[in-house]
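First up is the structure itself, then whatever we jot down about it.
The figures that follow rest on heavy atoms only: side chains count, while hydrogens, waters and symmetry mates do not. Both counts, for ligands and for their atoms, begin at 1 and track the order of listing.
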Amino acid sequence: MADISSTIEIPDARNIPRHIAIIMDGNGRWAKKRFLPRIAGHRRGVDNVRSTVRACAEKGVEFLTIFAFSSENWRRPPEEVSFLMQLFIVALEQEIAKLHANGIRFRAIGNLSRFEPRLTKLIADAEELTRDNKRLALTVAVNYGGRWDLIQGVSRMLKCNPQLANGFAETDLLPYLSMSYAPEPDLFIRTGGEQRISNFLLWQIAYTELYFTDTLWPDFDATEFELALASYQRRERRFGRTSEQLQEATGEEATNALSGNA
Ligand code: IPE
Ligand code: IPE
Ligand code: MG
């Protein structure tokens with residue numbers, strides 16, 4: 001399933017999204033409103049990751065992917081960049097045992113080659129420790145860019161299969177993209193009021209339901225999460241088909257269930 005694209009195969013309709021992807025934006029503005037330094041907002045942002053992971057696990061979401069640092073975020077002032085790196089290190093050190101105890105599998109995606117060895121080692125250890133966990137797969141995108149992902153994917157694909165230089169299909173590329181292990185996100189959430197993708201998952205959100213909220217990330221609590229889910233549940237995911245086709249299919253399912261043919 002994970003390797004199949006939503007433009008090739010239609011995923012099952014579900015009330016609870018299997019995969020949620022979040023751009024956690026608005027930490028800086030949250031701090032500014034309180035006359036605090038931006039880094040105070042990032043600290044609160046990490047607390048919020050903890051509660052969001054818990055909420056997703058409780059709801060039965062299978063994959064949660066969060067954008068922690070984009071390939072463009074290197075453009076920020078060096079002090080903020082280094083604070084974010086330190087915060088990531090500390091958060092990993094403090095949280096990984098708890099994540100593991102709660103059955104959560106951790107993965108990082110992005111170009112990790114630019115990170116200090118201490119961080120890459122922490123990431124590798126955390127991935128190894130949690131590799132057999134099945135409850136929720138948490139992916140943190142760090143130094144990630146959707147365009148980087150496509151380029152690295154195509155490059156690796158061609159290196160392994162030089163004959164594909166003459167032409168290739170979606171299914172040839174999929175195994176080489178960073179998130180090949182996960183179904184495409186069903187729901188994308190961006191907090192902080194901006195309505196843009198900012199080079200997050202580009203390929204994978206072709207048919208994802210998009211949800212934008214003005215709420216700043218540190219304020220995105222359980223009630224806000226419910227609002228996002230409720231919005232998702234009101235959507236009609238047509239994947240190119242008509243509304244009538246969907247209703248017919250649901251009607252048939254109901255009839256089959258009643259006559260025991262389900
Ligand atoms: C998101 O919050 C966190 C990161 C990009 C690391 P911001 O730091 O972008 O907060 P705003 O957008 O300035 O409020
Ligand atoms: C996107 O937020 C990246 C992360 C949340 C990590 P930004 O705040 O960096 O996005 P732009 O640059 O305003 O679009
Ligand atoms: Mg921002």
Side-chain angles (χ1 to χ4, degrees), residues 19-53 55-56 63-95 106-116 119-120 122-123 126 138-152 178-179 182 185 187-205 208 210-221 224-225 228:
H19 184 176
I20 300 182
I22 306 184
I23 297 189
M24 314 179 288
D25 196 17
N27 294 347
R29 280 162 286 162
W30 181 92
K32 201 172 170 191
K33 269 181 28 188
R34 289 162 179 77
F35 306 101
L36 295 168
R38 291 178 56 82
I39 56 174
H42 295 316
R43 261 202 209 100
R44 282 298 285 261
V46 173
D47 295 340
N48 222 33
V49 169
R50 211 175 288 122
S51 49
T52 306
V53 168
C56 285
F63 298 87
L64 171 65
T65 303
I66 54 177
F67 205 6
F69 192 88
S70 75
S71 40
E72 289 68 41
N73 286 144
W74 295 105
R75 294 174 180 150
R76 293 196 176 193
E79 314 78 61
E80 182 168 342
V81 170
S82 82
F83 178 83
L84 286 167
M85 293 300 153
Q86 284 313 309
L87 191 62
F88 191 34
I89 291 178
V90 172
L92 262 181
E93 283 173 345
Q94 288 180 350
E95 301 296 328
F106 170 88
R107 283 189 185 91
I109 54 165
N111 184 355
L112 305 183
S113 64
R114 238 183 118 169
F115 292 146
E116 53 175 285
L119 182 50
T120 36
L122 263 175
I123 290 173
L138 170 67
T139 302
V140 180
V142 271
N143 194 18
Y144 180 86
R147 291 185 179 177
W148 166 83
D149 196 3
L150 284 167
I151 304 248
Q152 71 77 29
S178 299
M179 295 222 68
L187 172 62
F188 160 98
I189 298 173
R190 182 173 188 145
T191 62
E194 315 297 350
Q195 304 201 355
R196 53 180 176 244
I197 305 298
S198 300
N199 198 19
F200 193 25
L201 307 162
L202 295 177
W203 175 279
Q204 295 83 351
I205 61 168
T208 300
L210 307 181
Y211 178 83
F212 297 96
T213 171
D214 288 338
T215 303
L216 304 173
W217 173 247
D219 293 327
F220 190 83
D221 58 12
E224 294 286 336
F225 184 64

N/O contact list for ligand 2, threshold under 3.5 Å:
| unit_1 | atom_1 | unit_2 | atom_2 | d |
| --- | --- | --- | --- | --- |
| ligand 2 | 8 (O) | D25 | OD1 | 3.1 |
| ligand 2 | 8 (O) | R76 | NH2 | 3.3 |
| ligand 2 | 9 (O) | N73 | ND2 | 2.8 |
| ligand 2 | 9 (O) | R76 | NH2 | 3.2 |
| ligand 2 | 10 (O) | R190 | NH2 | 3.2 |
| ligand 2 | 13 (O) | R196 | NH2 | 2.8 |
| ligand 2 | 14 (O) | R196 | NE | 2.7 |
| ligand 2 | 14 (O) | R196 | NH2 | 3.4 |
| ligand 2 | 14 (O) | S198 | OG | 2.5 |

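- Looking at R50, its side chain never comes within 3.5 Å of a backbone N or O of V46 through a donor-acceptor pair.
- Counting the atoms of ligand 1 from 1 in the order shown, those under 4.0 Å from a heavy atom of H42 are 3 (C), 8 (O).
- With T65 as the fixed residue, the side-chain contact (heavy atoms from CB on, under 4.5 Å) test singles out one of I20, L138, T139: T139.
- Listed by chain and residue number, F69, S70, R76 satisfy the side chain to side chain contact (heavy atoms under 4.5 Å, CB included) test with N73 (two or more places apart in sequence, or in another chain).
- Among heteroatoms of the N, O or S kind in D25, OD1 lies nearest the Mg ion (ligand 3).
- Classified by interplanar angle (parallel below 30°, tilted 30° to 60°, perpendicular above 60°), the ring pair F220/W217 is parallel.
- L122 pairs by the side chain to side chain contact (heavy atoms under 4.5 Å, CB included) definition with I89, L92, E93, not counting sequence neighbours.
- Contact annotation: R38 has at least one heavy atom less than 4.0 Å from an atom of ligand 1.
- Under the side chain to side chain contact (heavy atoms under 4.5 Å, CB included) criterion, P78 pairs with no residue, sequence neighbours left out.
- Using the six-membered ring where Trp is involved, Y144 and F67 have ring planes that are perpendicular, over 60° apart on the 30 and 60° scheme.
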